[in-house]
Novice: 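Can you read through this structure? Questions will come right after.
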Amino acid sequence: MLRVILAEDSVLLRAGLTELLTLGGHRVLAAVGDAPSLLEAVAAERPDVVVTDVRMPPGLRDEGLRAALELRSRDASLPVLVLSQYVATAYATRLFTDGPAAGLGYLLKDRVGEVTEFLDALERVHGGQTVIDPDVVRVLLAPAAADRPLARLTPREREVLALMAQGLNNQAVAARLFITEASVVKHSGSIFTKLDLDPAEGNRRVLAVLAHLREQAGA
């Protein structure tokens, strides 16, 4: 059971998410409708994970995202899953490049309807993984300029990297693409090499995914 704080300005969606999380075996410590209340609730309750919308009162712009970034600046180990109405790569870029990516997720709200996927993403974020919505990944994997590292990848390597971005391990990637795990390992090694990722740099899977976001930021 995870102890969750939820921030969503839509009363109906907030109630629905609370019910979904409860039915999923988790406990919602607080369900709030604006960014200041989110910051206060986290300070008071110290949750296992935070789920927050991007746009919330008082300005209905990016208050939820800014609150998530502030929470992570206070405690980089706090797992945060951000929900967005639309594919907004600028938000994803900002979220994943302003600090450590471990324990961060960015999903479109439509993904909440896929209950199993949503709860799985929540648990993976809590486990320290990085989760990025497949639709966001598809935008990030749009054809890159020829002078950028992403342009070096083959179509199959792009597919493998897209699934990595969703937090899937080698076995799951192999199952999705109907290839062997050995092939996934081979493609992953090629991706790391083409993106100039040193084996000594730690979690190269996350670094490879973040390469897209950094490239997007510089576009």
Side-chain angles (χ1 to χ4, degrees), residues 1-56 63-65 67-72 74-86 91-92 95-96 99-137 162-176 203 205-206 209:
M1 180 185 74
L2 298 179
R3 300 164 63 255
V4 182
I5 286 182
L6 168 66
E8 165 59 53
D9 67 307
S10 166
V11 175
L12 290 178
L13 184 54
R14 187 163 69 243
L17 283 167
T18 299
E19 182 71 12
L20 188 157
L21 290 165
T22 301
L23 290 175
H26 305 303
R27 179 185 173 195
V28 178
L29 300 175
V32 301
D34 59 74
S37 297
L38 169 60
L39 296 175
E40 292 175 5
V42 172
E45 298 288 352
R46 299 181 63 85
D48 296 322
V49 61
V50 169
V51 178
T52 181
D53 189 10
V54 168
R55 297 183 179 184
M56 289 196 302
E63 284 82 356
L65 178 67
L69 294 172
E70 182 172 340
L71 289 171
R72 291 280 290 194
R74 296 177 184 177
D75 181 2
S77 67
L78 176 66
V80 176
L81 178 59
V82 173
L83 302 178
S84 179
Q85 185 68 46
Y86 309 104
Y91 290 151
L95 179 67
F96 290 106
L104 279 179
Y106 183 95
L107 292 183
L108 298 183
K109 289 185 178 179
D110 287 348
R111 202 68 55 193
V112 175
E114 303 293 335
V115 176
T116 301
E117 287 188 27
F118 171 69
L119 293 176
D120 179 64
L122 181 72
E123 291 166 10
R124 283 191 280 131
V125 166
H126 175 257
Q129 296 185 38
T130 302
V131 178
I132 305 175
D133 193 281
D135 287 342
V136 176
V137 174
L163 294 174
M164 281 184 188
Q166 297 174 41
L168 301 184
N169 60 24
N170 288 347
Q171 182 180 16
V173 171
R176 290 282 187 93
N203 190 344
R205 294 173 71 91
V206 172
V209 172

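Just so you know, these numbers use all the heavy atoms, side chains as well, and skip hydrogens, waters and symmetry mates. Just so we're clear, the structure is a prediction, and the values are computed from it rather than from any experiment.
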Novice: For the pair H26 and V49, evaluate side-chain contact (heavy atoms from CB on, under 4.5 Å) and give the outcome as yes or no after the intermediate values.
Specialist: CA-CA 11 Å; H26 305 303; V49 61; over 6 Å; no
Novice: By side chain to side chain contact (heavy atoms under 4.5 Å, CB included), which residues pair with H126, not counting sequence neighbours?
Specialist: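 Only L2, D48, P79 meet the side chain to side chain contact (heavy atoms under 4.5 Å, CB included) criterion with H126.
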Novice: Side chain to side chain donor-acceptor pair (under 3.5 Å) with Q85: which residues, sequence neighbours excluded?
Specialist: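 By the side chain to side chain donor-acceptor pair (under 3.5 Å) rule, Q85 matches no residue at all.
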Novice: Test: side chain to side chain donor-acceptor pair (under 3.5 Å). Region: residues 5-19. Which pairs qualify, not counting sequence neighbours?
Specialist: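 For residues 5-19: E8-K109.
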Novice: Given L81 and V131, is the side-chain contact (heavy atoms from CB on, under 4.5 Å) satisfied, shown in steps?
Specialist: CA-CA 8 Å; L81 178 59; V131 178; 5.5 Å; no
Novice: Please table the atom pairs, donor to acceptor, closer than 3.5 Å between any side-chain atom in residues 33-45 and protein atoms at least two apart or in another chain.
Specialist:
from	atom 1	to	atom 2	distance (Å)
D34	OD1	S37	N	2.8
D34	OD1	S37	OG	2.9
D34	OD2	S37	OG	3.2

Novice: Would you please name every residue forming a salt bridge (charged side-chain N to carboxylate O under 4.0 Å, His left out) with R46, sequence neighbours left out?
Specialist: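 Applying salt bridge (charged side-chain N to carboxylate O under 4.0 Å, His left out) to R46 gives none.
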Novice: Yes or no on side-chain contact (heavy atoms from CB on, under 4.5 Å) for V112 and L107, after CA distance, side-chain angles and deciding distance?
Specialist: CA-CA 8 Å; V112 175; L107 292 183; over 6 Å; no
Novice: For R27, which residues count as a side chain to side chain donor-acceptor pair (under 3.5 Å) partner, sequence neighbours excluded?
Specialist: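 For R27 there are no side chain to side chain donor-acceptor pair (under 3.5 Å) partners, ignoring immediate neighbours.
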Novice: So, taking the atom named CG in L83 and the one named OH in Y106, what distance separates them when rounded to the nearest 0.5 Å?
Specialist: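 Answer rounded to 0.5 Å: 9.5 Å.
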Novice: Who are the side chain to side chain donor-acceptor pair (under 3.5 Å) partners of T52, not counting sequence neighbours?
Specialist: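 T52: no side chain to side chain donor-acceptor pair (under 3.5 Å) contacts found.
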Novice: Residues two or more places apart in sequence or in another chain: which of them pass side chain to side chain contact (heavy atoms under 4.5 Å, CB included) with R55?
Specialist: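 Testing R55 for side chain to side chain contact (heavy atoms under 4.5 Å, CB included), a comparison that skips the adjacent residues, returns Y91.
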Novice: For D120, enumerate each residue passing the salt bridge (charged side-chain N to carboxylate O under 4.0 Å, His left out) test, keeping only those at least two apart in sequence or located in another chain.
Specialist: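 Counting only residues at least two positions away or on another chain, D120 forms a salt bridge (charged side-chain N to carboxylate O under 4.0 Å, His left out) with R124.
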Novice: Got a second to check how far L12's CG is from L17's CG, nearest 0.5 Å?
Specialist: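 The distance works out to 11.0 Å.
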Novice: Could you list the residues that satisfy side chain to side chain donor-acceptor pair (under 3.5 Å) with S77, not counting sequence neighbours?
Specialist: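 Side chain to side chain donor-acceptor pair (under 3.5 Å) list for S77, sorted by chain: D75.
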Novice: Taking only residues two or more places apart in sequence, or in another chain, which ones meet A172 in a side chain to side chain contact (heavy atoms under 4.5 Å, CB included)?
Specialist: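 For A172, the residues satisfying side chain to side chain contact (heavy atoms under 4.5 Å, CB included) (neighbours in sequence not counted) are L168, N169.
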Novice: For a 4.5 angstrom cut-off between non-hydrogen side-chain atoms, does L119 reach L21?
Specialist: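 Yes - at least one pair of side-chain heavy atoms lies under 4.5 Å apart.
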Novice: Any idea which heavy atoms bring P47 and R3 closest together, and the distance?
Specialist: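 Where P47 meets R3 most closely, the heavy atoms are CB-O, 3.5 Å.
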